[in-house]
Amino acid sequence: MSDAPVDNSKRTWLIATGCAGAVGGVATAVPFVSTFAPSERAKAAGASVEVDVSNLKPGEMATVEWRGKPVWIIRRTPEQLASLDKLTPQMADPESKRTAYPTPEYAKNTHRSIKPELFVAVGICSHLGCSPTAKFQTGAQPSLPEDWTGGFLCPCHGSTFDMAGRVFKNKPAPDNLEVPPHKYLSDAMLLIGDDSKA
C-alpha cells in the first residue's frame, strides 16, 4: 500500500468526468433503446377499429384505415343485394373458396357479410395491390359492360368486382376482395380487426 498523498483536485476531476460520461451514455442509450418499443402509430396500425355505421345511408360507402389498409363499409340498397344472385354465374369464385385471402366463415355467403345490407372489405385489388374505385351507378360506362349492375372497377388492369367484392371471371385479379375480421358490438357499432367471441 502506497503512502503517497491523494491529489484531491485530480480525484474531483476524475469523478466529474466519470459522472459526465455516465450521463452521456444514458442520454445516448435511451433514444436507442426506445426505438425497440412500438410507436403509437404502430400500435394503432394493428389495433381494432370501431366504426359507427348508424348514419350510413343505403348506397353510401365509408372508408376507414385498419393496419394501414383502406377498409370499405357499404350499406347496400335492396336493388344492389338483389343483383348478387343474378351475377353468381359470372363470378370467378362465387363461394369464396380460394385461400389466398381466406374469407371468414360468417362471410361465406352470396352477400359475403354478417348482415346482408352491410358489406365490409379491404379496398385493395387482389391482382397488384391497386385500389379499385366504386362504380355504384348502373348501366353502360367507360371500361364497364352495358349491363353493369354496380360494383368496383380497378383502373390499373380492368378487374371488376360486384357489390359483394366478388371478382368477375377472366379478369387479372385472381381473388375476391378481402373481408377483414369484424363483428358488431351493437346495431350501430362495428369493430374491424377482431371477430373473437365475447
Side-chain angles (χ1 to χ4, degrees), residues 33-78 80-81 83-85 87-88 91-136 150-154 156 159-167 173-198:
V33 171
S34 69
T35 62
F36 292 109
S39 68
E40 289 304 315
R41 183 180 174 99
K43 288 178 195 171
S48 299
V49 178
E50 282 189 31
V51 184
D52 183 348
V53 295
S54 61
N55 293 323
L56 200 58
K57 294 179 178 59
E60 288 185 345
M61 180 173 87
T63 304
V64 296
E65 184 179 340
W66 171 68
R67 292 189 175 176
K69 302 174 189 175
V71 174
W72 299 333
I73 302 117
I74 301 130
R75 187 175 296 276
R76 294 177 284 207
T77 65
Q80 289 169 332
L81 280 170
S83 73
L84 298 178
D85 281 327
L87 293 173
T88 295
M91 298 296 115
D93 182 20
E95 297 175 7
S96 300
K97 290 184 177 179
R98 295 185 182 163
T99 58
Y101 297 98
T103 300
E105 285 301 317
Y106 49 80
K108 285 190 175 179
N109 48 51
T110 305
H111 45 84
R112 298 186 75 225
S113 59
I114 298 170
K115 296 182 178 186
E117 71 279 9
L118 283 167
F119 177 53
V120 181
V122 175
I124 297 175
C125 181
S126 59
H127 181 220
L128 294 175
C130 304
S131 187
T133 56
K135 295 288 185 178
F136 296 166
F152 307 92
L153 167 69
C154 187
C156 302
S159 292
T160 49
F161 304 85
D162 72 355
M163 288 300 299
R166 300 178 301 174
V167 67
D175 288 292
N176 298 332
L177 295 178
E178 179 184 358
V179 174
H182 64 282
K183 63 183 176 183
Y184 291 90
L185 303 174
S186 68
D187 286 341
M189 293 304 294
L190 171 67
L191 183 68
I192 298 167
D194 181 10
D195 57 6
S196 60
K197 304 290 183 212

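Heavy-atom basis, side chains included; hydrogens, waters and symmetry copies ignored.
- For Arg166, the salt bridge (Lys or Arg N to Asp or Glu O under 4.0 Å) partners at least two apart in sequence or on another chain are Asp162.
- Side-chain N or O atoms of Asp175 include none that pairs as donor or acceptor with a backbone N or O of Ser126 at under 3.5 Å.
- Although no hydrogens or angles enter the test, the distance criterion places no donor-acceptor pair under 3.5 Å between the side chain of Thr160 and the main chain of Leu153.
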Check residues 56-64 and write down every donor-acceptor pair under 3.5 Å in which the side-chain atom is one partner and the other belongs to a residue at least two apart or another chain.
residue, atom, partner, partner atom, Å
Glu60, OE1, Lys57, N, 3.0

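- The CE atom of Met91 sits 10.0 Å away from the CZ atom of Phe161 when rounded to the nearest 0.5 Å.
- Using modelled atom types, one side-chain atom of Asn176 and one backbone atom of Asp93 make a donor-acceptor pair closer than 3.5 Å.
- Using a 4.5 Å heavy-atom threshold, the side chains of Glu117 and Val53 count as separate.
- Closest of all the heavy-atom pairs between Tyr106 and Pro181 is OH-CA, 3.3 Å.
- Minimum interatomic distance between Lys183 and Asp194 (heavy atoms only, all atoms of both residues): CG-O, 3.3 Å.
- In this structure the side chain of Val51 never reaches within 4.5 angstrom of the side chain of Val120, judged on heavy atoms.
- Across all their heavy atoms, Ala164 and Phe119 have their closest contact at O-CZ, 3.1 Å.
- The closest donor-acceptor contact from the side chain of Arg76 to the backbone of Pro116 lies under 3.5 Å.
- When atom types are taken as modelled, the side chain of Asp52 and the backbone of Met189 share no donor-acceptor pair closer than 3.5 angstrom.
- In this structure, CE in Met163 is found 5.5 Å from CD1 in Ile74, a value given to the nearest 0.5 Å.
- Using a 30° and 60° split on the angle between ring planes, Trp72 and Phe152 fall in the parallel class, below 30°.
- Contact record, Gly123 with Pro132: O-CD, 3.6 Å, taken as the closest heavy-atom pair.
- When all heavy atoms of Ala121 and Pro180 are compared, the closest pair comes out as CA-CD, 3.8 Å.
- A 4.5 Å side-chain heavy-atom check between Glu178 and Ile124 finds every atom pair outside the cut-off.
- Inter-residue side-chain proximity for Leu118 and Ser113 is flagged as unmet; no heavy-atom pair is nearer than 4.5 Å.
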Discussion item. Val49 vs Glu65, test: side chain to side chain contact (heavy atoms under 4.5 Å, CB included). Steps then yes/no.
Written reply: CA-CA 8 Å; Val49 178; Glu65 184 179 340; over 6 Å; no
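- How far CG of Leu190 is from OG of Ser54: 11.5 Å, rounded to the nearest 0.5 Å.
- No donor-acceptor pair closer than 3.5 Å links the side chain of Arg112 to the backbone N or O of Thr103.
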